[in-house]
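Comments concern the structure below.
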Amino acid sequence: MHDESAPNTTWSGGLSDDISRVILSEETIQRRVAELGAQIAADYQGRDLLVVGVLSGSFLFIADLVRQINLPLALDFISVSSYGDRTRSSGVVRMLKDLNQPIAGRDVLLVEDIIDTGLTLSYLIDNLRTRQPASLAVATLLDKKEARVVKIDTAYIGFECPNEFVVGYGLDYAGRYRNLPYIGVLRPEVYAGGDK
């Protein structure tokens, strides 16, 4: 992650004022997403691929990713909550939206925006394995290894992420910043006191 710079000037004011530095530019993200899509297409050639996005954070990543996977595939979404409006996972996971289709016997690729503690994703993996998919793999845009509490096997990683609070490209704080086209570090004063 070597894109450190001031926020994109086309996004000056408003949301960008709350970003201390950009760690991944829009161009860098799109390049890596294309690489991941090509790798996934090669790995799943001839298989029954179901791509499952974890809402809400993965929505931009999964939209761009599936357009780079040159294969017939199906798409579904699941939503869980463990953050609320805080900057750290509470560790208590609630299912907000389940899948719309069965996954038994299918090759499932679970797509996350960021893995930090791993608690939420570990819950999801355990839940989906009980439904007997043919295979279950994980793709994540960001991997924040320093924050990991449980081990997660990840097949596809976009970028390693520093142990800082990042927003943009689907990642939020209190429901905001998802629409930024880059990923940046949120200024601590924006969320100071938010974890009390």
Side-chain angles (χ1 to χ4, degrees), residues 24-83 89 93-144 152-161 166-173 175-183:
L24 290 169
S25 70
E26 182 177 5
E27 296 76 20
T28 299
I29 292 168
Q30 293 306 320
R31 238 186 344 264
R32 183 64 180 134
V33 170
E35 292 169 358
L36 289 172
Q39 185 182 355
I40 292 165
D43 292 348
Y44 284 89
Q45 189 70 41
R47 296 166 69 183
D48 182 19
L49 178 59
L50 173 64
V51 180
V52 174
V54 181
L55 294 174
S56 293
S58 73
F59 79 104
L60 287 177
F61 176 41
I62 198 167
D64 288 341
L65 182 64
V66 295
R67 288 182 288 183
Q68 298 293 335
I69 301 173
N70 189 16
L71 290 177
L73 58 81
L75 189 59
D76 205 342
F77 295 93
I78 197 164
S79 179
V80 294
S81 175
S82 68
Y83 281 86
S89 173
V93 180
R94 289 184 310 131
M95 181 78 73
L96 301 178
K97 181 209 173 298
D98 206 344
L99 297 174
N100 292 327
Q101 54 195 297
I103 64 171
R106 304 186 72 180
D107 293 298
V108 176
L109 179 63
L110 189 60
V111 178
E112 260 284 26
D113 55 349
I114 187 168
I115 305 172
D116 46 28
T117 64
L119 292 170
T120 303
L121 193 56
S122 177
Y123 167 85
L124 270 179
I125 290 168
D126 289 346
N127 181 296
L128 294 179
R129 280 193 178 132
T130 66
R131 306 180 197 197
Q132 302 179 332
S135 69
L136 178 60
V138 173
T140 186
L141 179 65
L142 300 176
D143 189 3
K144 194 185 286 189
I152 299 288
D153 291 324
T154 310
Y156 307 97
I157 298 171
F159 305 93
E160 289 196 14
C161 183
V166 295
V167 294
Y169 194 67
L171 289 95
D172 78 309
Y173 172 64
R176 294 177 302 194
Y177 309 101
R178 292 190 195 277
N179 58 321
L180 291 173
Y182 54 79
I183 293 174

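Quick caveat, the model's predicted, so the values are computed rather than measured.
Remark: F59 engages L55, R178 in a side-chain contact (heavy atoms from CB on, under 4.5 Å) (not counting sequence neighbours). Every residue meeting the side-chain contact (heavy atoms from CB on, under 4.5 Å) condition with N127, not counting sequence neighbours, appears here in chain and number order: M95, Y123, R131. Residues passing the salt bridge (Lys or Arg N to Asp or Glu O under 4.0 Å) test with D153, sequence neighbours excluded: K151. For I157, the side-chain contact (heavy atoms from CB on, under 4.5 Å) partners two or more places apart in sequence, or in a different chain, are T140, D143, T154.
A donor-acceptor pair under 3.5 Å is formed between the side chain of S25 and the backbone N or O of T28. Panel note: side chain S122, backbone G118; no donor-acceptor pair is recorded below 3.5 Å.
A distance of 4.0 Å separates CD1 in I29 from CD1 in I183, rounded to the nearest 0.5 Å. Taking CG from L171 and OG from S58, the interatomic distance works out to 9.5 Å, rounded to the nearest 0.5 Å. Annotation: the span from Y44 atom OH to Q39 atom CD amounts to 10.0 Å, rounded to 0.5 Å. Distance check: I125 CD1 to T130 OG1 gives 12.5 Å after rounding to the nearest 0.5 Å.
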*Does the pair V166 and C161 meet the rule for a side-chain contact (heavy atoms from CB on, under 4.5 Å), with working shown?*
CA-CA 9 Å; V166 295; C161 183; 3.9 Å; yes
*Test L141 against L60 for side-chain contact (heavy atoms from CB on, under 4.5 Å), laying out the working first.*
CA-CA 10 Å; L141 179 65; L60 287 177; over 6 Å; no
*asked:* Please evaluate residues E35 and Y156 with respect to the criterion side-chain contact (heavy atoms from CB on, under 4.5 Å), reporting the C-alpha separation (whole Å), side-chain torsions for both, the decisive distance (0.1 Å), and the verdict.
replied: CA-CA 10 Å; E35 292 169 358; Y156 307 97; over 6 Å; no
*Verify side-chain contact (heavy atoms from CB on, under 4.5 Å) between D76 and I103, making sure each step is shown before the conclusion.*
CA-CA 10 Å; D76 205 342; I103 64 171; over 6 Å; no
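L96 is not listed as a side-chain neighbour of V80, based on a closest heavy-atom distance of 4.5 Å or more. Residues T120 and V54 are not in side-chain contact: their nearest non-hydrogen atoms beyond the backbone lie 4.5 Å or more apart. No side-chain heavy atom of L142 sits less than 4.5 Å from a side-chain heavy atom of Y169.
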Show which side-chain atoms of residues 106-115 pair as donor or acceptor with protein atoms under 3.5 Å away, not counting sequence neighbours.
unit_1: R106; atom_1: NE; unit_2: D48; atom_2: OD2; d: 3.2
unit_1: R106; atom_1: NH1; unit_2: Q101; atom_2: OE1; d: 2.8
unit_1: R106; atom_1: NH2; unit_2: D48; atom_2: OD1; d: 3.4
unit_1: D107; atom_1: OD1; unit_2: R47; atom_2: NH2; d: 3.0
unit_1: D107; atom_1: OD1; unit_2: S135; atom_2: OG; d: 2.6
unit_1: D107; atom_1: OD2; unit_2: R47; atom_2: NE; d: 3.4

Could you list the donor-acceptor pairs under 3.5 angstrom formed between side-chain atoms of residues 66-73 and any protein atom two or more places apart in sequence or on another chain?
unit_1: R67; atom_1: NE; unit_2: A63; atom_2: O; d: 2.9
unit_1: R67; atom_1: NH2; unit_2: D64; atom_2: OD1; d: 2.5

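F159 approaches L24 most closely through the heavy-atom pair CD1-CD1, 3.5 Å.
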